[in-house]
K.L.:
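This is the structure I have questions about; it appears just below.
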Amino acid sequence: MNHILNLKCLICGKEYSPDEVAYVCPDHGDDGILDVQYDYDAIKRRITRGNLLYSEDYTIWRYKPLLPVAPDAEVPPLAVGWTPIYNAPRLAENLGLKQVWVKDDGRQPTASFKDRASAIAVVKAQEQGAEIITTASTGNAAAALSGLCASVEQKNVIFVPESAPPAKIAQLLAFGSTVMLVKGTYDDAFELCLSAAKEYGWYNRNTAYNPYMTEGKKTAAFEICEQLRWEAPDRIFVSVGDGCIIGGLHKGLKDLLAMGWIDKMPKLMGIQAEGSSFMYHAWKNDEDVLTKPPVEANTVADSISAGLPRDRIKALAAVKETDGAYISVTDDEILNAIPALARGVGVFAEPAGAAAYAGLVKAVNEGLIGRDERIVVLNTGNGLKDIASAMKSVEMIGTQPHNVEPDMESLKKQLAIINEQ
Ligand SMILES: *Cc1c(COP(=O)(O)O)cnc(C)c1O
Ligand SMILES: [Zn+2]
């Protein structure tokens, strides 16, 4: 793959050729996250903005020359990527802003953003002839890997905390994965999965360990900019757990600048749940993310519950280098955002997805946003992923169904009551 220059350690800067190391910088153990570096001149010979106008591939693979796979690599059949971006004038008006868009990654094949990374994982694993792929996950990365593996009959072993929402576990079982429900947190599941992968030589998809996952996630930045006709937005709001998504967006935007396809860097706004806000505090207090101890993670937004964000180096750089900010929101603010987003633009999000919108609301209230800024909110997961939280969110705002007998009499009574309200 001559478009990849090397893999560069984010801690020591040492550069490795892709076949020299499997995942992390050997000098730094599991923390030595690598960044894939490209030869943009070589890529420019294979893809231009003009070519894309004629592309009929509406998946992440439309950007194949910018991805860490061979030109002739076979890709899984599930249609990952090119999720819709909706203009949201009512949300904008409510917030006193001119322009807000919501990009809905709840529309991915397994209903979360994670499909973008897992699609790459499957291609990389098959490139190496791996027999088994493994990952730890709070649920969505697992479902994504599980679904993509099912689409190509690839064996896989998944580690999730036993507290994962049942809908996510159901997906794993339906797709036929071997599922390990770990009696512990996501962080415990992660450690166990790393040990198992080392012991048995399984291909390791883990976020912020496998350097190629960021590369899948960056495709959302490509799509946002292409969907907005290469006029980059001013800010992108996204929720942050391990920090791989925000790091991926940053990487994608840097790629686009290097390609000359956009001319400014959007500010990245990382939203964390108050009960899992390692990055928020590290950023606010200018702490060293490599020595800062893990926090006790506890939030309704299970997908962003991470005591020790695995991609914290990239996640901090994403906000600092783009002059963005971290924002922390409470679980109540997150739950409130579920019906607000659903009613305001018709997008039904799981708590971690709605958190991004809760962050926008807070940023506006705190006066961080100029009225004329062009804002993108990324919904990262579908509301059906966590029905218990969705029900809680509508109860919180006092919405209830009306109980009627199956006759017009009873219906009329109910309608009269509604009309009085
Ligand atoms: C994984 C996930 C996130 C957070 O992504 P990180 O890379 O862990 O920061 C946010 N929302 C949803 C729905 C997710 O599945
Ligand atoms: Zn290193």
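Side chains are part of it too, since the values below use all heavy atoms of this structure and drop only hydrogens, waters and symmetry mates. Ligands are counted one by one from 1 in listed order, and the atoms in each one are counted from 1 as well.
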K.L.:
For the 3.5 Å polar cut-off, considering only N or O atoms, please tell me whether G243 and ligand 1 meet it.
P.N.:
yes

K.L.:
Give me the residue, atom name and distance of the protein heavy atom closest to atom 10 (C) of ligand 1.
P.N.:
S239 OG, 3.2 Å

K.L.:
How large, to 10°, is the angle at the Zn ion (ligand 2) when you draw lines to SG on C25 and to SG on C9?
P.N.:
110°

K.L.:
Hey, is K251 close enough to E321 for a salt bridge, meaning N to O under 4.0 Å?
P.N.:
no

K.L.:
Which atoms of ligand 1 sit under 4.0 Å from any heavy atom of C244?
P.N.:
6 (P), 7 (O), 9 (O)

K.L.:
Ion pair present between R312 and D31, side-chain N to carboxylate O less than 4.0 angstrom?
P.N.:
yes

K.L.:
Counting heavy atoms not belonging to N298, are there more than 12 under 6.0 Å from its CG?
P.N.:
no

K.L.:
Look at atom 14 (C) of ligand 1 and say which protein heavy atom is nearest, naming residue and atom and giving the distance to 0.1 Å.
P.N.:
K114 NZ, 2.8 Å

K.L.:
Has T299 got a side-chain atom pairing as donor or acceptor with S305's backbone, closer than 3.5 angstrom?
P.N.:
no

K.L.:
Run the numbers for me: atoms of ligand 1, each under 4.0 Å from some heavy atom of G241, listed by number.
P.N.:
4 (C), 6 (P), 8 (O), 9 (O)

K.L.:
State, without any angle test, whether D188 and T185 hold a side-chain donor-acceptor pair at a distance under 3.5 Å.
P.N.:
yes

K.L.:
Assess the side chains of E215 and Y38: does a donor N or O sit below 3.5 Å from an acceptor N or O?
P.N.:
yes

K.L.:
Does G381, backbone or side chain, put an N or O under 3.5 Å from an N or O of ligand 1?
P.N.:
no

K.L.:
When you measure from atom 4 (C) of ligand 1 to each heavy atom in I304, N140, L249, which option holds the nearest one?
P.N.:
I304

K.L.:
Evaluating non-hydrogen atoms only, which member of I245, T380, T207, V240 is closest to atom 13 (C) of ligand 1?
P.N.:
T380

K.L.:
Would you call K64-D57 a salt bridge at under 4.0 Å N-O?
P.N.:
no

K.L.:
Among all the protein's non-hydrogen atoms, which is closest to atom 8 (O) of ligand 1, and how far away is it?
P.N.:
D242 N, 2.7 Å

K.L.:
If you draw a 6.0 Å radius around NZ in K284, do more than 12 non-hydrogen atoms from other residues or ligands fall strictly inside?
P.N.:
no

K.L.:
Could you tell me whether K385 approaches ligand 1 through its side chain, its backbone, both or neither, with non-hydrogen atoms closer than 4.0 Å?
P.N.:
neither

K.L.:
What angle sits at the Zn ion (ligand 2) between SG of C12 and ND1 of H28, to 10°?
P.N.:
130°

